[in-house]
Amino acid sequence: MTTNLHTLINSLEGIEIITEAAQVAKLSHDYHTFSPVLVSKLEGKVGDIAVRPTREAEVLKVAAACAKYRVPVTVRGAGTGNYGQCVPLHGGVILDMTRMQKILWVKPGVARVEAGIKLAAIDKKTREFGWEIRMAPSTYRTATIGGFIAGGSGGIGSIQYGSLRDRGNILALRVVTLEDEPRVIELRGDDVQKVNHAWGINGIITEVEIPLGPAYPWAEVIVTFDDFMAAAKFGHALGNADGMISKLISVFASPIPRYFHALQQYIPEGTHAVFLMLAEPSLELLPGLVQRYGGQITYEKLAPEAAKGTPLAEFTWNHTTLHARTVDTGITYLQSMFPAAKSLQLVEHMYNHFGDEVMMHLEFFRVNGAVVPGGLQLVRYTTEERLNEIMRYHEEHGVTIANPHTYIIEDGGRKVIDPEQLKFKEIVDPYRLMNPGKSKVLQ
C-alpha cells in the first residue's frame, strides 16, 4: 500500500493532495460520535491521504489511479453523516468533493449542480427564481447535496415531499466509475436508485439534478402542551391538514426542550413542545387547530425575522441529539418509524413503557402518501446490550428501527442491499475499492 500510495501521489500532479496526518484524520470522520457503539468500533480508522478535485476531469484522473494501484477510495462531502458512512475502514484515499461547488443551471422547478455544493448555497440561488430544494437535513447550512443523497434520506420538507427514495425526488445523477478506464455514467429516472443512499460504494457522484418546490415565506412557531399525546395528536392532525402548507413538524417530550438553552424562555418547564415551519398564508388557520388540542402558541416569527439568527430547524431532526449531547454526553439516540395504521397508539405505548430512559422525539413526514411519525428518540445510554434490548422491543411491537449504531448498510435501515445496487457495483467497481467493508455481502 505504501509503495502504491507514493506512486499514486506522483501520478496526480496538479490536483490538491493532503498528506498531513492531523488533517487527513479530520477528513476521515463524521458524526458517528453520537453513537458510543460506533466510537469504539471505528476508533483509529483513518485514510492515508485526502484528495480534493475541483472538476470532473480530476475525479476521473483520481479514479483511474486508484483502480490502477488498487487503492481504496472513500468519498465524502461535509462529513455530517452519523453512521461512519465516510469513515474509511481500510485506509486509502479520502476523496473530498467539497471543491466541486458549481450551480450548472436553474430552470422552473429543477436545478443541476455539482455534488460538493452546500444545500444552503443551492437555495440561495434558486430562491431568486421563487424555488427551493424540496428537503434537507438539519445540517442544511453545511451539508453537501452529494453527501445528502449518498448518505441521507430526508428531513425538513419531508412532511410535504416524502424522502429521497420516493420517485421524482432525484431526477438524475452523474457518476464516475472506478474501472481501469473510468467512465462517466448518467443515471436518470428510477436508475438513480442504483446510487441513492448507497454510502458511496458504487460510484462517485459528480453532478446532481433535483426537482425544486415553491419557495414560500416560512414562519417559525413553537406550540407547547401540558400533555405529550395531545402534542403528538396535534402534530399528526397538522400533517394531515392538506390545505395548510407545512415544512417542519417536530414534537419533543419533556424534558428534551431543557436542552434547547436558547429557547427555554418560550417553553415552560415540564411542558412538551412542537416546533413548526409553516407557510405564512397558513398561519391564520393555526390558532384554531392549536386550541382544539389544548396547546398554546409561545413563539412566532414571520419569514423575514425567522431568517435572522439560528433557525428553529437547527433544533430538530438530529440536531436535537447534538444539543442534548452538548449538555449530557451520555445521551445517544434511536431512529424509528411507526406504522401508519396504529402510529399514535404505538407512540403512546413506547412513551409510557420507557419513560425517561427513552425520551420521545418525533418528526412527521410522508410515507406512501400517509403522514407518519418517525422517531429520533433520545436514549440515556448504559450498555450496548440494553440499547439492543430497547431496539428489539420496538421491533417486536411493529416499530421499524433503522439502527444508527452500525456502519454496515444491511444492519441499519436497509436490512438488505438493493440487488440493483449490487449489480451496478459489479460494473462500476470491479475491484471493490469503493468504501470497502460497509456491506456484509461485499466483505
Exercise. Are Leu89 and Tyr407 close enough, and set up right, to give a side chain to side chain contact (heavy atoms under 4.5 Å, CB included), and what steps lead you there?
Worked result: CA-CA 10 Å; Leu89 300 181; Tyr407 59 78; 3.5 Å; yes
Exercise. Does the pair Glu357/Arg386 count as a salt bridge with the N-to-O cut at 4.0 Å?
Worked result: yes
Problem set entry | Polar side chain donor-acceptor pair, Ser336 to Gln377, under 3.5 angstrom | yes
Exercise. Is any side-chain heavy atom of Met100 less than 4.5 Å from a side-chain heavy atom of Val59?
Worked result: yes
Exercise. With no hydrogens and no angle check, do the side chains of Asn196 and Gln193 hold a donor and an acceptor under 3.5 Å apart?
Worked result: yes
Exercise. Going by an N to O cut-off under 4.0 Å, is there a salt bridge joining Lys102 and Glu207?
Worked result: no
Exercise. Regarding Asn4 and Thr7, is there a side-chain donor-to-acceptor distance under 3.5 Å anywhere?
Worked result: no
Exercise. Do Leu164 and Ser153 come within less than 4.5 Å of each other through their side chains, counting heavy atoms only?
Worked result: no
Exercise. Do you see a donor-acceptor pair shorter than 3.5 Å between the side chains of Asn82 and Asp30?
Worked result: no
Exercise. Judged by atom type as modelled, is there a donor-acceptor pair below 3.5 Å linking the side chain of Ser158 to the main-chain atoms of Gly162?
Worked result: yes
Exercise. Are side-chain heavy atoms of Leu5 and Ile49 found at a separation under 4.5 Å?
Worked result: yes
For this session: Give a yes or no on whether the backbone of Ile297 and the side-chain of Glu300 come within a donor-acceptor separation of less than 3.5 Å.
Result: no
For this session: Measure centre to centre between the rings of Phe354 and His394, then say whether the value is under 6.0 Å.
Result: yes
Problem set entry | Audit row: His323, Tyr259, ring pair (Phe, Tyr, Trp, His ring centres under 6.0 Å) steps and yes/no | CA-CA 6 Å; His323 285 283; Tyr259 298 122; 9.5 Å; no
Seminar exercise, completed: On a heavy-atom basis, the closest approach of Leu171 and Ile210 is CD1-C, 4.0 Å
Exercise. So, does His319 use its side chain to make a donor-acceptor pair with the main chain of Leu312 at under 3.5 Å?
Worked result: no
For this session: Kindly give the heavy-atom pair with the smallest separation between Ala115 and Ile205, and that separation in Å.
Result: CB-O, 3.2 Å
For this session: Quick one: pull up CD1 in Ile170 and CG in Asp191 and give me the separation to the nearest 0.5 Å.
Result: 12.5 Å
Problem set entry | Within 6.0 angstrom of Lys301 NZ, more than 12 heavy atoms from elsewhere | yes
Exercise. Does Gln345 offer a backbone N or O that forms a donor-acceptor pair with the side chain of His349 under 3.5 Å?
Worked result: no
Exercise. Which atoms form the tightest heavy-atom contact between Val24 and Ile18, and what is the distance?
Worked result: CG2-O, 3.4 Å
Exercise. Does Arg432 pair with Asp429 as a salt bridge, N-O distance under 4.0 Å?
Worked result: no
For this session: List the atom of Leu27, the atom of Ala50, and the distance in Å for their closest heavy-atom pair.
Result: CD1-CB, 3.7 Å
Exercise. Given Ser138 and Glu314, is the side-chain hydrogen bond (donor to acceptor under 3.5 Å, both in side chains) satisfied, shown in steps?
Worked result: CA-CA 5 Å; Ser138 59; Glu314 290 188 7; over 6 Å; no
Exercise. Can you find a side-chain donor-acceptor pair between Glu395 and His397 that sits under 3.5 Å?
Worked result: no
Exercise. Is there a donor-acceptor pair under 3.5 Å between the side chain of Asn169 and the backbone N or O of Pro211?
Worked result: no
Problem set entry | Test item: Ser246 side-chain N/O and Leu248 main-chain N/O as donor-acceptor pair under 3.5 Å | no
Exercise. Going by the salt bridge (Lys or Arg N to Asp or Glu O under 4.0 Å) test, which pairs reach into residues 156-173, not counting sequence neighbours?
Worked result: Arg167-Asp190
Exercise. Of all heavy-atom pairs between Ile417 and Ile409, which one has the smallest distance, and what is that distance?
Worked result: CG1-CG2, 3.9 Å
Seminar exercise, completed: One should read off an interatomic distance between Thr271 OG1 and Phe252 CZ, to the nearest 0.5 angstrom, of 12.5 Å
Problem set entry | Rounded distance (nearest 0.5 Å) linking atom OG1 of Thr139 with atom CG of Asn318 | 9.0 Å
For this session: Keeping the roles fixed (side chain from Asn435, backbone from Val75), state whether a donor-acceptor pair exists under 3.5 Å.
Result: no
Problem set entry | Contact check, side chains of Val51 and Ile15, non-hydrogen atoms, under 4.5 Å | yes
Problem set entry | Rounded distance [0.5 Å steps], NE2 in His353 versus CG in Leu346 | 12.5 Å
Problem set entry | Pairs involving residues 14-25, ordered by first then second residue, that meet side chain to side chain donor-acceptor pair (under 3.5 Å) (sequence neighbours left out) | Glu16-Arg52, Glu16-Arg99
Exercise. Just wondering, more than 12 heavy atoms not from Glu396 lying within 6.0 Å of its CD?
Worked result: yes
Exercise. Which pair of non-hydrogen atoms, one from Gly213 and one from Arg134, has the smallest distance, and what is that distance?
Worked result: N-CG, 3.9 Å
Exercise. Distance from Glu385 atom CD to Arg392 atom CZ, nearest 0.5 Å?
Worked result: 10.0 Å
Problem set entry | Donor-acceptor under 3.5 Å (Arg380 side chain, Val358 main chain) | no
For this session: Give a yes or no on whether a salt bridge exists between Glu58 and Lys61, defined as a side-chain N under 4.0 angstrom from a carboxylate O.
Result: no
For this session: To the nearest 0.5 angstrom, please state how far the CG atom of Leu378 sits from the CZ atom of Arg325.
Result: 10.5 Å
For this session: Report yes or no: do Glu363 and Ser250 form a side-chain donor-acceptor pair below 3.5 Å?
Result: yes
For this session: Determine whether the side chains of Glu132 and Trp218 contain a donor N or O and an acceptor N or O closer than 3.5 Å.
Result: yes
Exercise. Counting only N and O atoms by type, is there a donor-acceptor contact under 3.5 Å from the side chain of Arg366 to the main-chain atoms of Ala370?
Worked result: no
Exercise. Does the side chain of Ser439 pick up a donor-acceptor pair with the side chain of Glu410 at under 3.5 Å?
Worked result: yes
Exercise. Step by step, would you call Phe365 with Met337 a side chain to side chain contact (heavy atoms under 4.5 Å, CB included)?
Worked result: CA-CA 10 Å; Phe365 57 104; Met337 186 170 73; 3.8 Å; yes
Seminar exercise, completed: In Tyr266, Phe260, Tyr299, Phe234, the residue satisfying ring-ring contact (aromatic ring centres under 6.0 Å, His included) with Phe275 is Phe260
Exercise. So does Asn388 have more than 12 non-hydrogen atoms from other groups sitting under 6.0 Å from CG?
Worked result: yes
For this session: Apply side chain to side chain contact (heavy atoms under 4.5 Å, CB included) to the pair Ile222 and Ile267, showing each step before the final yes or no.
Result: CA-CA 8 Å; Ile222 295 176; Ile267 308 170; 4.2 Å; yes
Problem set entry | Partners passing side chain to side chain contact (heavy atoms under 4.5 Å, CB included) against Ser254 (at least two apart in sequence or in another chain) | His272
Exercise. Under the 3.5 angstrom rule, does the side chain of Asp411 hit a backbone N or O of Thr406 as a donor-acceptor pair?
Worked result: no
Exercise. If you measure only the distance, is there a donor-acceptor pair under 3.5 Å linking the side chains of Asn403 and Tyr83?
Worked result: no
For this session: State whether the number of non-hydrogen atoms from other residues, nucleotides or ligands found under 6.0 Å of Asn10 atom CG is greater than 12.
Result: yes
Exercise. Given side chains that start at C-beta, do those of Phe228 and Leu362 come closer than 4.5 Å, heavy atoms only?
Worked result: yes
Exercise. Is there side-chain contact between Ile331 and Tyr381, with heavy atoms separated by less than 4.5 Å?
Worked result: no
Problem set entry | Over 12 foreign heavy atoms within 6.0 Å of OH, Tyr31 | no
